Amino acid sequence: METTKTYFFTDTAVMLGRSLRHVFRSMDTIITVTIMPIAMMLLFVYVLGGAIQTGTDNYVNYLLPGILLIAIANSIGYTSYRLFLDMQKGIFERFHSMPIARSAALWGHVLTSLVSNMLSLFIIVLVALIMGFRSSAGVIEWLGVAGMLALFTLTLTWIAAIAGLSAKSVDGAAAIAYPIHFLPLISSAFVPTATMPPAVRAFAENQPVTPVVETIRALLSDQPVGNELWLALAWCGGIVLLAYFLAMRVYRRAS
């Protein structure tokens, strides 16, 4: 058992290195994922921010959590696309003919999504600091923010894995990102839900993104997280477990 676990972690590290090399050789992926959320942040802060009432004098502080989640949602299409290409080229079959852990190749893609997203989010936070973002959070709170962002990334990445492994075309693989983009837009990411019409408010307050946004916002402002933390963990934890098992099932069938 210990030998099997050792091979799994070693093989996964090798697959992670392979996927990361592909990403860093084509930096346009990270640039694209990073620039669009930054452009949205600039638009909302400097063009629309003055007309939006959030109860805070520093709109970028209110906006940043949602922008970070949009960046993650923007990236999962690339994860699905890379998985689709590996499936079409028979890369997984080649790996499976070798003495390596069977799921290591898939985990390599998943962890690559996590690493590349953390890099993109770091750049976005730096730009937000230049724009006036300020946080009273301590080290523990920042670690909590990083953990919540990592969990959200894994949640969307495993959903993207299902699409990438089962898609019949490139467009089908990348299409998973489109509906997920709407969730941050219809949440408390940009405006308080209290300002929304009743039907929209009901949806915004009962979908995964809002409690994640509110948790990150509370941590960054060093405020109590309340029940939003448990709602965020329940949503993300439940979805990631379901998506993981479905992705592994599709992976075994497809390969």
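In this chain, residues are counted from 1 in sequence order. Here the structure is a predicted model, which means the values were calculated and not measured.
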Considering only Ile, Leu, Val, Met, Phe, Trp and Tyr, and joining two whenever side-chain heavy atoms are under 4.5 Å apart, list the other residues clustered with Leu143.
->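 Same cluster as Leu143: Val139.
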Checking [X] now: which residues fulfil side chain to side chain contact (heavy atoms under 4.5 Å, CB included) with it, not counting sequence neighbours?
{"X": "Leu231", "value": "Pro211, Glu228"}
{"X": "Asn58", "value": "Thr56, Val60, Asn61"}
{"X": "Ser120", "value": "Ile30, Val33, Thr34"}
{"X": "Leu233", "value": "Met148, Leu151, Leu229, Trp230"}

Got a sec, which residues hit ring pair (Phe, Tyr, Trp, His ring centres under 6.0 Å) with Tyr244, two or more places apart in sequence or on another chain?
->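 Here the qualifying residues are Trp158.
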Sequence-distant partners of [X], side chain to side chain donor-acceptor pair (under 3.5 Å), two or more places apart:
{"X": "Thr112", "value": "none"}
{"X": "Thr215", "value": "none"}
{"X": "Arg201", "value": "Glu205"}

Verify the cluster assignment for Val47 and Leu42: are they in a single hydrophobic cluster under the rule of side-chain heavy atoms below 4.5 Å apart?
->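 Shared cluster, yes.
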Could you tabulate the donor-acceptor pairs under 3.5 Å formed by side-chain atoms of residues 126-135, not counting sequence neighbours?
from	atom 1	to	atom 2	distance (Å)
Arg134	NH1	Leu129	O	3.0
Ser135	OG	Ala137	N	3.1
Ser135	OG	Leu220	O	2.5

Check whether the side chains of Asn117 and Thr153 place a donor and an acceptor atom closer than 3.5 Å, and report yes or no.
->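 No.
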Any salt bridge (Lys or Arg N to Asp or Glu O under 4.0 Å) pairs touching residues 113-130, not counting sequence neighbours?
->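 Pairs touching residues 113-130 that pass the test: none.
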side-chain hydrogen bond (donor to acceptor under 3.5 Å, both in side chains): which pairs involve residues 217-226, sequence neighbours left out?
->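 Matches after skipping sequence neighbours: Glu214-Arg217.
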